[in-house]
Chemist: 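Following this message is one structure expressed as structure tokens.
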Amino acid sequence: MMELKGEEDLDMQLIGSFLSCASRGDRVGLNQMLRAGTSPNVQDYDNRTALHLAASEGHASIVELLIQYNANVNLEDRWQRTPLTDARIYGHRDICRILEVNGGKDSSNYLPLTFPHEQSLTELDIDISELSGEQLLINDQGRFGVSKRVKWRGTWVVKTTIKRNTSSPMTVKLSSKDMFLLRELRHPNILQFLGATVHGEELVLITEFLSGGTLREILNRKVRFDLQTALRYALDIARGMNFLHQHKPEPIVHNCLDFTNLLQDEGGHLKIGEYWVQMLYEQKHPCQQDCEGIECMGCSSLYDTKKDICSFACIFYEMLEGRGLCSDSNSGLTLSTWTDQTDRLPRFKLSRCPERIQQLIRECLKEDNANRPSFASIIEVLEEVSISLAKYGCPVC
């Protein structure tokens with residue numbers, strides 16, 4: 001039975017959509033919501049406003065639009081940062097000038113982010129007593145742990161409990177350095193990490209709640225997507241992964257990219273979850289031990305960014321064809337053994353897929369990691385095909 005949404009849930013969905021428009025640089029969508037009466041000063045879990053997000057992402061036109069609607073330029077988030085502080089941190093000088101002209105001030109109490117010495121995780125973040133109203137989700141939002149929808153400080157979030165694997169004991173922990181890093185990450189196509197705590201022998205993670213479900217659920221209802229939809233979802237994934245891979249000083253490698261940790265927000269866009277899993281395990285990575293689902297061939301290093309490229313290609317292929325690369329019942333192949341076959345090129349039997357996309361997927365699946373493209377290169381191809389499809393009704397070949 002479908003749960004009826006209360007006024008508070010609808011308000012949070014509206015706020016989520018509004019902030020997502022600001023973060024993505026969607027000026028048209030944001031303007032429509034402002035004209036409909038949405039306050040420019042609404043805040044998320046961390047008291048961040050649309051101005052904070054636009055200033056962080058470098059969307060000058062969004063900043064100007066919000067100021068036209070009398071947005072408060074000096075609201076502080078939970079880290080005592082103003083939009084001007086964020087603009088300075090991320091080097092957006094044009095936005096700094098816009099904010100300063102309109103009365104923006106740098107946070108007087110803000111200190112540059114430094115990682116504290118290691119300390120008990122329970123001293124750093126979520127108070128378990130603040131979580132209430134547990135509701136079991138029909139499907140876990142990811143491959144690791146058990147997910148429940150709970151209320152935290154009046155807002156619906158997802159609580160994921162990760163238990164120690166008794167059959168293969170590994171220490172599950174999240175360092176204070178990693179926790180600070182994860183809480184700082186902001187991108188329209190990655191799931192927002194809100195915090196964590198240790199409860200007994202369990203690690204409890206708190207992330208934003210997305211009502212659209214997982215990509216696996218969506219694909220199961222549709223069987224396969226039309227080219228335009230598949231391209232849109234592929235771009236969401238590629239942009240989120242490119243953001244993670246471009247992280248400095250070290251890239252954030254997912255290693256477990258899968259249909260079940262790709263989640264849809266209220267605006268129909270995908271967000272990447274579980275990008276933190278590889279930080280949780282001190283010993284062998286769970287994806288190296290549990291090889292079911294989408295796994296990559298030819299990747300020996302735990303921190304090889306090209307493994308994520310391979311996983312992306314497998315997901316993209318199944319969105320287009322409605323079946324996995326190794327789903328032929330007569331072949332008896334797994335993805336790991338598929339690479340050893342002489343005739344290992346993916347076959348596009350159902351989708352009217354342009355040669356440019358077919359070639360991209362083949363390049364992503366190359367056995368030699370060095371020959372696989374980066375997500376930045378993938379985005380260029382996907383955008384070119386998408387623009388051609390929008391203009392002429394048919395993609396470039």
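Just so it is clear, the values below take in all heavy atoms, side chains as well, and ignore hydrogens, waters and symmetry mates.
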Chemist: Is there a donor-acceptor pair closer than 3.5 Å between any side-chain N or O of Glu57 and the backbone N or O of Gly25?
Modeler: no
Chemist: Which atoms form the tightest heavy-atom contact between Leu257 and Asp308, and what is the distance?
Modeler: CD2-O, 4.1 Å
Chemist: For Glu100, what residues pass the side chain to side chain contact (heavy atoms under 4.5 Å, CB included) criterion, not counting sequence neighbours?
Modeler: Leu84, Arg88
Chemist: Output yes when a side-chain donor or acceptor of Asp258 lies under 3.5 Å from a complementary backbone atom of Asn261, and no otherwise.
Modeler: no
Chemist: Measure from the side-chain N and O atoms of Lys307 to the backbone N and O of Asn255, and report whether any donor-acceptor pair falls under 3.5 Å.
Modeler: yes
Chemist: State, with a plain yes or no, whether a side-chain heavy atom of Asp77 is found less than 4.5 Å away from one of Thr85.
Modeler: no
Chemist: Answer whether the closest heavy-atom distance between the side chains of His247 and Leu181 falls below 4.5 Å.
Modeler: yes
Chemist: Of all residues at least two apart in sequence or in a different chain, which pass the side chain to side chain donor-acceptor pair (under 3.5 Å) check with Arg239?
Modeler: Glu383
Chemist: Please step through side-chain contact (heavy atoms from CB on, under 4.5 Å) for the pair Glu380 and Glu384, ending with a clear verdict.
Modeler: CA-CA 6 Å; Glu380 289 182 7; Glu384 182 181 346; over 6 Å; no
Chemist: Work out which heavy atom in Ala87 is nearest to a heavy atom in Ile95; give both atom names and the distance.
Modeler: CB-CG2, 3.9 Å
Chemist: Give the intermediate values and the outcome of salt bridge (charged side-chain N to carboxylate O under 4.0 Å, His left out) for residues Glu184 and Arg81.
Modeler: CA-CA 12 Å; Glu184 285 288 296; Arg81 293 182 352 191; 2.8 Å; yes
Chemist: Considering non-hydrogen atoms only, spot the tightest contact between Pro188 and Arg24 and give its length.
Modeler: CB-CG, 3.4 Å
Chemist: Could you tell me whether the side chain of Arg186 and the main chain of Arg183 form a donor-acceptor pair under 3.5 Å?
Modeler: yes
Chemist: Would the distance check show the side chain of Asn47 and the main-chain N or O of Gln43 forming a donor-acceptor pair, the cut-off being under 3.5 Å?
Modeler: no
Chemist: Check Leu51 against Ala71 and note the closest heavy-atom contact, atom names and distance.
Modeler: CD1-CB, 3.8 Å
Chemist: Have Asn31 and Tyr69 got a donor and an acceptor in their side chains that come within less than 3.5 Å?
Modeler: yes
Chemist: Would the distance check show the side chain of Lys306 and the main-chain N or O of Arg372 forming a donor-acceptor pair, the cut-off being under 3.5 Å?
Modeler: yes
Chemist: May I ask you to check whether Ser20 and Ser23 show a side-chain donor-acceptor distance below 3.5 Å?
Modeler: no
Chemist: Can you tell if the side chain of Phe316 reaches within under 4.5 Å of the side chain of Ile378, non-hydrogen atoms only?
Modeler: no
Chemist: Ignoring hydrogens and angles, state whether a donor on the side chain of Ser56 or Arg48 is under 3.5 Å from an acceptor on the partner side chain.
Modeler: yes
Chemist: Assess the residue pair Leu34 and Phe18 against the criterion (side-chain contact (heavy atoms from CB on, under 4.5 Å)); give the C-alpha distance rounded to whole Å, side-chain angles, the decisive distance to 0.1 Å, and a yes or no.
Modeler: CA-CA 9 Å; Leu34 286 165; Phe18 183 78; 3.7 Å; yes
Chemist: Is there a donor-acceptor pair under 3.5 Å between the side chain of His59 and the backbone N or O of Ser61?
Modeler: no
Chemist: State, with a plain yes or no, whether a side-chain heavy atom of Lys151 is found less than 4.5 Å away from one of Phe209.
Modeler: no
Chemist: Would you indicate whether the side-chain heavy atoms of Phe312 and Ile237 approach each other to under 4.5 Å?
Modeler: yes
Chemist: Give a yes or no answer on whether the side chain of Tyr275 reaches the backbone of Leu191 with a donor-acceptor pair at less than 3.5 Å.
Modeler: yes
Chemist: Taking C-beta and beyond as the side chain, do Leu320 and Ile361 meet within less than 4.5 Å on heavy atoms?
Modeler: yes
Chemist: If you define the side chain from C-beta out and look only at heavy atoms, does anything of Ser377 sit under 4.5 Å from Ser374?
Modeler: yes
Chemist: Applying side chain to side chain contact (heavy atoms under 4.5 Å, CB included), can you list everything that pairs with Ser39, at least two apart in sequence or on another chain?
Modeler: Asn41, Val42
Chemist: Got Leu262 and Asp236 here, is their nearest side-chain heavy-atom distance under 4.5 Å?
Modeler: no
Chemist: Spell out, as yes or no, whether a donor-acceptor pair under 3.5 Å connects the side chain of His52 to the backbone of Leu75.
Modeler: yes
Chemist: Measure the spacing between CZ of Arg362 and OH of Tyr317 and express it to the nearest 0.5 Å.
Modeler: 10.0 Å
Chemist: For a quick test of reading the model, state the closest non-hydrogen atom pair linking Ser17 to Glu266 and the distance between them.
Modeler: OG-CB, 3.7 Å
Chemist: Working to the nearest 0.5 Å, report the span between CD of Glu64 and CD1 of Ile98.
Modeler: 4.0 Å
Chemist: Are Glu76 and Lys105 within salt-bridge range, i.e. N to O under 4.0 Å?
Modeler: no
Chemist: Please walk me through it: do Leu270 and Asn189 pass side-chain contact (heavy atoms from CB on, under 4.5 Å)?
Modeler: CA-CA 6 Å; Leu270 292 184; Asn189 298 118; 5.5 Å; no
Chemist: Testing the basics here: between Ala60 and Asp94, what is the closest heavy-atom pair and its distance to 0.1 Å?
Modeler: CB-OD2, 3.8 Å
Chemist: Let's go through Leu219 and Tyr233 carefully: what are the C-alpha distance in whole Å and the side-chain angles of both, what is the deciding distance for side-chain contact (heavy atoms from CB on, under 4.5 Å) to 0.1 Å, and is it a yes or a no?
Modeler: CA-CA 11 Å; Leu219 186 60; Tyr233 286 152; over 6 Å; no
Chemist: Would a distance-only check, ignoring hydrogens and angles, find a side-chain to backbone donor-acceptor pair under 3.5 Å from Asn371 to Glu363?
Modeler: no
Chemist: Is it true that the side chains of Arg232 and Gln228 contain a donor and an acceptor less than 3.5 Å apart?
Modeler: no
